[in-house]
Amino acid sequence: QEHYGRLNGLTITWIGDGNNVLHSIMMSAAKLGMHLRIATPKGFEPDLRITKRTEQYSKEYGTKLLLTTDPLEAADGANVLVTDTWISMGQEEEKKERLKAFQGYQITMQTAKSAASDWTFLHCLPRKPEEVDDEVFYSPQSLVFQEAENRKWTI
């Protein structure tokens with residue numbers, strides 16, 4: 001909202017794990033008029049109950065929803081690229097398996113080439129290099145530090 005001046009009509013793309021952060025985005029994107037494109041590896045999809053509710057919201061609010069395993073397909077035309085940790089607290093023993101499953105899901109400038117010309121990047125931090133490379137993370141399109149500052153005001 002702060003960057004684009006609006007949310008309605010924007011396309012937000014999630015590339016990564018079907019975790020709690022994605023679930024929050026899924027429950028709100030359509031209500032805010034945002035199209036949502038999600039790429040997760042097989043076996044790491046968002047909760048099916050939340051997916052069903054998100055499909056209902058998309059119909060109700062006239063937005064588009066895409067679920068895929070292809071990060072470049074999900075990034076196509078996106079205004080906002082978002083990811084989060086692939087290894088949440090309590091999943092440390094799964095690290096090796098998860099890193100293997102998420103190969104090809106790192107957000108890079110190659111990913112951004114599929115996005116809209118005005119693309120931006122978000123990550124709720126802390127970030128690990130396998131999730132997003134330095135070129136994207138420290139780019140002018142990265143809004144991660146503004147995102148962190150804004151979170152401070154909600155606490």
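Computed over heavy atoms, backbone and side chain alike; hydrogens, waters and symmetry mates excluded.
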Notebook entry, point to check: Heavy-atom distance under 4.5 Å between the side chains of Asp17 and Arg98, does that happen here?
Noted result: yes
Next item on the list: Please examine the side chains of Trp14 and Val21, heavy atoms only from C-beta on, and report whether any two atoms are closer than 4.5 Å.
Entry: yes
Next item on the list: For Thr51 and Met26, run side-chain contact (heavy atoms from CB on, under 4.5 Å): C-alpha distance rounded to whole Å, both residues' side-chain angles, the deciding distance at 0.1 Å, then the answer.
Entry: CA-CA 8 Å; Thr51 299; Met26 292 171 74; 3.6 Å; yes
Next item on the list: Report yes or no: do Tyr105 and Ile107 belong to one cluster of Ile/Leu/Val/Met/Phe/Trp/Tyr joined by side chain heavy-atom distances under 4.5 Å?
Entry: yes
Next item on the list: Please name the pair of heavy atoms, one in Leu66 and one in Ala74, separated by the smallest distance, quoted to 0.1 Å.
Entry: CD2-CA, 4.3 Å
Margin query: A side-chain contact here means heavy atoms from C-beta on lying under 4.5 Å apart; do Thr54 and Ile50 qualify?
Written below: yes
Notebook entry, point to check: For the residue pair Arg6 and Asn8, what are the closest heavy atoms and their distance?
Noted result: NH1-O, 3.2 Å
Checklist line | Validation row: Gln141, Val136 side chains within 4.5 angstrom (heavy atoms) | finding: no
Next item on the list: Quick one: pull up CD1 in Ile15 and OG1 in Thr68 and give me the separation to the nearest 0.5 Å.
Entry: 10.0 Å
Check: Are Ile87 and Glu94 close enough that some pair of their side-chain heavy atoms sits under 4.5 Å apart?
Finding: no
Next item on the list: Please determine, by modelled atom types, if Thr83 and Glu131 share a side-chain donor-acceptor pair under 3.5 angstrom.
Entry: no
Check: Salt bridge or not for Asp70 and Arg37, using N-O below 4.0 Å?
Finding: no
Next item on the list: Would you indicate whether the side-chain heavy atoms of Leu22 and Asp84 approach each other to under 4.5 Å?
Entry: no
Check: Can you say whether the rings of Phe137 and His123 are parallel (under 30°), tilted (30 to 60°) or perpendicular (over 60°)?
Finding: perpendicular
Next item on the list: Using a 4.5 Å cut-off on heavy atoms from C-beta on, say whether the side chain of Leu65 contacts that of Glu55.
Entry: yes
Notebook entry, point to check: When the ring planes of Tyr57 and Tyr61 are compared, do they come out parallel, tilted or perpendicular, using 30° and 60° as the limits?
Noted result: perpendicular
Margin query: Closer than 3.5 angstrom, by distance alone: can the side chain of Ser142 be matched with the main-chain N or O of Ser139 as a donor-acceptor pair?
Written below: no
Checklist line | Expected output: side-chain Glu45 to main-chain Gly43 donor-acceptor under 3.5 Å | finding: yes
Check: With a 4.5 Å heavy-atom cut-off, do Gln91 and Thr85 have their side chains touching?
Finding: no
Check: Hey, mind stepping through Glu130 and Phe102 against side-chain contact (heavy atoms from CB on, under 4.5 Å) and telling me if it holds?
Finding: CA-CA 9 Å; Glu130 61 264 14; Phe102 284 88; over 6 Å; no
